[in-house]
Amino acid sequence: MDDRARQLRRRLRACSCEAASTLGKRLRGETGSLRELEAAVRRAELRASERRAAAPRAALDLSLPIAAKAEEIEAALRERPALVVCGETGSGKSTQLPLICLRAGRGLRGLIGHTQPRRIAARTISRRLAEEMGVELGREVGFKVRFDDSTNPRTYIKVMTDGVLLAELRRDRGLLAYDTIIIDEAHERSLNIDFLLGYLKRLLDRRRDLRVVVTSATLDPEKLSRHFDGAPVIEVSGRMYPVEVRYRPPESGAEVEPTRPIVDAVEEAAALGPGDVLVFLPGEREIREATAALRESGGAAAKGAEVLPLYARLSAADQLRAFQSHERRRIILATNVAETSVTVPGVHYVVDTGLARISRYGSRSRVQGLEIEPISRASADQRAGRCGRVADGVCIRLYAEDDYQHRVLFTDPEIVRSNLAGVLLRMKALRLGEPREFPFVDPPSPRRIRDAHDALVELGAIDAEGKLTEIGRELATVPVDPRLGRMILAGASEGSLREVLIIAACLASRDPRERPLEARDRADAAHASFADPSSDFLALLRIWEESRRQAAELSARKYRKWCGDSFLSWRGLREWEDLHEQLGRIVRGLGYRQNDKPAGYDAVHQALLAGLLGNIGLRGERYEYQGAHGAEFFLHPGSGLFERKPRWVMAAEMVRTDRPYARMVAGIRPEWLETLGAHLLERSYSTPSWDDRAAAPVVVERVALYGLRLPSKRRVLYGQINPAHAREIFLRQGLVEGAFRPHADFVEHNERMILETRRLEAKARRRDLQGEAGARFDFFDRRVPAHVWSGKSFDRWRHKAEAQHPRLLFMCEQDLIVWAEELPSEVAFPDAVQIAGDRRELEYHYEPGEPDDGVVLQLPLAAFADLDEAKLDWLVPGLVRDRAVEMLRGLPKEQRRAIGPVPSVVEEFLASGPDPALPLVTSLASFVGRSKGIEIRAADLRARAVPGHLRPKLVVTGPDGAVLAEGRDLLELKQRVSGEVEDAINAGQSEVPPRGGEVLGLWRGADLDDRPLFRGGGHGIPGDH
DNA sequence: AGGGTTTTTT
């Protein structure tokens, strides 16, 4: 089987790339019997031999310069995976390269794919190829552009736009339909081209049979060669006439009108002889000014000449005038259209201002910039070359030679100066991994990639980790800018798909509204009839509906006339319709239905907003708007909202020309931003305040989007935002200060505490309410769990806790027991633990009878070493202290003397003295004893230090040695004891009056009557009188 | 208070 399979695979590889891939997989996986597979291979071989036999003969046009290099190219195609053909205009590379590939035996196992940057070029080149080969277009040679596909199974050479090839990647990751790919005009370095160049580099590692030919007109083919691991570079000479370049820099110091040098240069050119003059200018406004200047100059050149503007937005008819032959001399004032997209025939002279508007996406501002820049040397050369196509030419540059020499070699490729959201989305959808690892010829900066990432997050296309979401997956199937795609998807969910499809299709194609230079006012008036004062998008909808209505009612000829009268481009409208239809098909494929009922303003504009969240603005003091991230912008004067200026707007486009402008604008409601931009909202909160009805702290929440504050305000439970802080406030204001009044016993107790403290404070002066409140805050803080921050959650927790330990937690009497439980842990002594630097531990052991029994207290030694009176609270805090005092009051004098001041107890302990924890243990035991009606005397209680760690154990005995309670599990013990305590309380046997004040210490060897127990008071134990 | 280079996408 192995040998046989290997042989079949070999045979397959000779057939077709697709068959080799699909059948090869079956062979490897051994799906199907060998016999079946063999039959499949034979069928593939038959198809392959038919294809070979039917291959068209390709005769080269030997008059073209590239023919001289045909053999060299063929050899390279056989030996190397990639090659770079560097050819000037007129070298014939676009038509001859596919033919050379065919001669080299390419195009049999798969198509020869040939990409062009523009649709029109793809069409004309395929037509010329078919002519030269003497075949019918749409058979051996086909083309495929958006909306139009003429290829079929018999096609060998497929000419297409690079966008088409890119789109095919989604279905054909390995580009198995092709065995050769020619990327023509790679020097234009569009986003599409750069993406393809990166993708093909990777693909060549996987597909050894694939050949890639890249053509470039650049001065620097080495870069592309390096990209393809040292691909051979084959230079082909062009067939151009020499162009003389003259430099006419502006004279320094002389103040002249900006149009003066242009007029002078045109005069100079015209004086050289007959022939048309092509002037390159950066934009429409400059064209307008130069036109006026030339007409007014009255110079010899202008007099007999026809001055024509040429730029992309010009109406088709006006553009055509530049191409029609004419007897008079023509002076064509053009933008960059004439540099690559359009070739003006018969140009003998070029005047180059050296300027162009270049689109650059501003990373910081997130606005597309469109500012006038000096062009690159490559661009200047291309402009000069425009007059060497028919005869010797002269190019007059309105800048110095030195200036030219110092300019950048090439215009930055698009990938480093545009918004990469679409590219990133495509990479995610194709699962191409990390963008920074993708082999771009010129890698975009990490910042650009992050911007693109943010943009996709804004659209909900990827999540925070960068993973494609469901929305993202759908967006990747819609062939428009992701923002427009997002509108469409939102339209589907808002019930406004019908309207949004129309609007998005228009935004994706060129605006059909025409505005000829000399009829701008009339055009504006015609367009005004469609305008809406609150939405420019509605104007598009009206144009669409009116145009559809007219098309249905009028004859084709009359409809065209209506288009002209309305200053609408017939071709533009067609493009819009085509795109609308295509998008409609795709959306239907995704399972979305267009709404039958017309959607209202809100439904339409909320859908649009879903794609334009980054382009919102709030009207400022004057005419400007505050945009995202603190940017400022102005409404474009062409907007229907220009007069009215709604408070909140969104814009389809933000472009910086002379100033930042928002184009295509509509008013929005800020509430929409809260729902549509929920994933982007920035929230801020006021200072929390107590709310009686909520029985919890609340805050006022304000939201902002990209730094723009939305008007809405909401009251929010503070605990939902900052539970820890909310809890602190709840404890302090709600529980300690009593703003929250639950139905519980401890409330009354608290109140008595406060009253008592106030009374004492008046007496003691030095003890303030705050200090006492602090103690009580600690009391609650130790008990109330972290998730409780409101009256509601407090009650819920308390009821549960009290069901388990009835009345335990918040009856002051139980304090002692809870506290005893906490003693061994660090909870009761947070400060003490913090003070403990050296971590030596002391263990205190209550030993009523046998050794090793009793309460073991683990306290850091250092805590004791540092202990001063102020820290005594940690040892005898709050209510426990009262309890201890209560107990001591009942002790005989000599027994009281047995208990010394804590600091000295520590010293004594270190000299193996008595237990400093004695008062605590004493109080505990005493309390338990009393609650059971048994008298326990302090003298009965002993404590000693025990080295090493002992498991905490509590044994409470009475004076007769009877064990009242014991256990190592303190929790369990506590429950047992507490039950007993509760019984005692219920029986009215234990009534502990709550007390405030501060116990300074329990003094050993001192008479309680001599030494004040209360700081500053000097009156002995409270309640004594 | 006042106006934009260009191209492309199953």
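Chain letters run A, B, ... following the sequence lines, proteins first and then strands; every chain starts at 1.
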Would you jot down, in residue-number order, the residues of [range] having a non-hydrogen atom under 4.0 Å from DNA chain B?
| range | answer |
| --- | --- |
| residues 146-166 of chain A | A:Arg146, A:Thr161, A:Gly163, A:Val164 |
| residues 641-657 of chain A | A:Phe642, A:Lys645, A:Glu653, A:Thr657 |
| residues 189-201 of chain A | none |

Can you establish whether the number of heavy atoms outside A:Arg647 located under 6.0 Å from its atom CZ is more than 12?
no

(message) Tell me whether A:Arg574 at atom CZ has more than 12 heavy atoms from other residues, nucleotides or ligands lying less than 6.0 Å away.
(response) no

Let me know the distance between [atom1] of [X] and [atom2] of [N], rounded to the nearest Å.
| X | N | atom1 | atom2 | answer |
| --- | --- | --- | --- | --- |
| A:Arg520 | B:dG2 | CZ | C1' | 11 Å |
| A:Leu424 | B:dT9 | CG | P | 22 Å |
| A:Asp511 | B:dG3 | CG | C1' | 13 Å |
| A:Ile586 | B:dT9 | CD1 | C1' | 9 Å |
| A:Arg123 | B:dT8 | CZ | C1' | 14 Å |
| A:Arg357 | B:dT6 | CZ | P | 11 Å |
| A:Ile287 | B:dT6 | CD1 | P | 8 Å |
| A:Arg622 | B:dA1 | CZ | P | 7 Å |

Exercise for the section: Could you verify whether a donor N or O on one side chain and an acceptor N or O on the other, from A:Thr343 and A:Arg386, lie under 3.5 Å apart? Expected result: yes

Exercise. Is the charged tip of A:Lys201 near the ring of A:Tyr199: under 6.0 Å from the six-membered ring centre and within 45° of its axis?
Worked result: no

With sequence neighbours left out, write down each residue that passes side chain to side chain contact (heavy atoms under 4.5 Å, CB included) with [X], or none if nothing qualifies.
| X | value |
| --- | --- |
| A:Ala380 | A:Asp352, A:Ile375, A:Arg397, A:Tyr399, A:Tyr404 |
| A:Thr291 | A:Ile287, A:Arg295, A:Val307, A:Leu333 |
| A:Leu166 | A:Leu169, A:Asn192, A:Phe195, A:Leu196, A:Arg426 |

Can you tell me which nucleotide in [options] comes closest to the side chain of [X]?
| X | options | answer |
| --- | --- | --- |
| A:Arg515 | B:dT6, B:dG3, B:dT9 | B:dG3 |
| A:Leu370 | B:dT5, B:dT7, B:dA1 | B:dT5 |
| A:Arg510 | B:dG2, B:dT7, B:dA1 | B:dT7 |
| A:Ser341 | B:dT9, B:dA1, B:dT7 | B:dT7 |
| A:Arg118 | B:dA1, B:dT7, B:dT6 | B:dT7 |
| A:Arg119 | B:dT8, B:dG2, B:dT5 | B:dT8 |

Touch class at under 4.0 angstrom, heavy-atom based, for [X] against every strand present:
| X | result |
| --- | --- |
| A:Arg360 | nothing |
| A:Gly283 | sugar-phosphate |
| A:Glu284 | sugar-phosphate |
| A:Gln582 | sugar-phosphate |
| A:Ala312 | sugar-phosphate |

A:His187 meets the ring pair (Phe, Tyr, Trp, His ring centres under 6.0 Å) criterion, sequence neighbours left out, with none

In a table with atom names and distances, give each donor-acceptor pair under 3.5 Å that connects a side chain of residues 581-593 of chain A to protein atoms at least two apart or in another chain.
| from | atom 1 | to | atom 2 | distance (Å) |
| --- | --- | --- | --- | --- |
| A:Gln582 | OE1 | A:Arg146 | NE | 2.8 |
| A:Gln582 | OE1 | A:Arg146 | NH2 | 3.0 |
| A:Tyr592 | OH | A:Glu474 | OE1 | 2.6 |
| A:Tyr592 | OH | A:Glu474 | OE2 | 3.1 |

For residues 280-294 of chain A, the salt bridge (charged side-chain N to carboxylate O under 4.0 Å, His left out) pairs (sequence neighbours left out) are A:Arg285-A:Asp658

Sequence neighbours excluded, the answer for salt bridge (Lys or Arg N to Asp or Glu O under 4.0 Å) partners of A:Arg207 is A:Asp209

For A:Asp511, the salt bridge (Lys or Arg N to Asp or Glu O under 4.0 Å) test, sequence neighbours excluded, returns A:Arg513, A:Arg663

Ranking A:Ile358 and A:Asp481 by the position along DNA chain B of their nearest nucleotide, the one closer to 5' is A:Ile358

Whichever of A:Asp658 and A:Val480 has the more 5' nearest nucleotide on DNA chain B, that residue is A:Asp658

Residue-phosphate contact under 4.0 Å: A:Thr340 side-chain N/O, B:dT7 OP1/OP2: no

Is there, by distance only and without an angle test, a donor paired with an acceptor across the side chain of A:Gln368 and the base of B:dT5 below 3.5 Å? yes

So ring-ring contact (aromatic ring centres under 6.0 Å, His included) across residues 143-177 of chain A, not counting sequence neighbours, yields none

